Visitor: 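Got a structure here, written out as structure tokens. Questions coming.
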Amino acid sequence: MNMNQIILVLLLLCAITVLVIAIIRIIFRRLPLFDAVAWLLLSLFLPFLGPFITIAFLPNPKKADIPNNQRPQTSSKKYD
């Protein structure tokens, strides 16, 4: 195996790894079906830029969906 083949194999392994990371991120984001398919197709059809775009620009979950685990605020008045 010469150096060109080794570099090509490493490049393909990196591209496949990033693609798998993008797919995992799409799955755990729990998007609607159409949105998930659109992001998945983007990351598949743009082999080298698609996964990076998917990871960078995939919408974050809404703040309302994240449970608020803060303690309720109490009054700061001191009783005499």
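Small disclaimer: the values here were computed from a predicted structure and weren't measured.
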Visitor: Taking Leu31 as the fixed residue, which of Leu33, Asp35, Ile27 is the one that meets the side-chain contact (heavy atoms from CB on, under 4.5 Å) rule?
Guide: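 Running side-chain contact (heavy atoms from CB on, under 4.5 Å) over Leu33, Asp35, Ile27 with Leu31 returns exactly one hit, Asp35.
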Visitor: Is there side-chain contact between Val37 and Phe34, with at least one heavy-atom pair below 4.5 Å?
Guide: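 Val37 does not reach Phe34 side chain to side chain.
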Visitor: Return the minimal non-hydrogen interatomic distance between Ile26 and Leu40, and the atom names on each side.
Guide: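 In this case the closest contact between Ile26 and Leu40 is CD1-N, 3.7 Å.
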Visitor: With respect to Asn4, which candidate in Asn2, Leu8, Ile6 satisfies the side-chain contact (heavy atoms from CB on, under 4.5 Å) definition?
Guide: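 The residue from Asn2, Leu8, Ile6 that satisfies side-chain contact (heavy atoms from CB on, under 4.5 Å) with Asn4 turns out to be Asn2.
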Visitor: Using 0.5 Å steps for rounding, measure from the CD1 atom of Ile16 to the CG atom of Leu11.
Guide: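 So the CD1 of Ile16 and the CG of Leu11 are separated by 10.0 Å.
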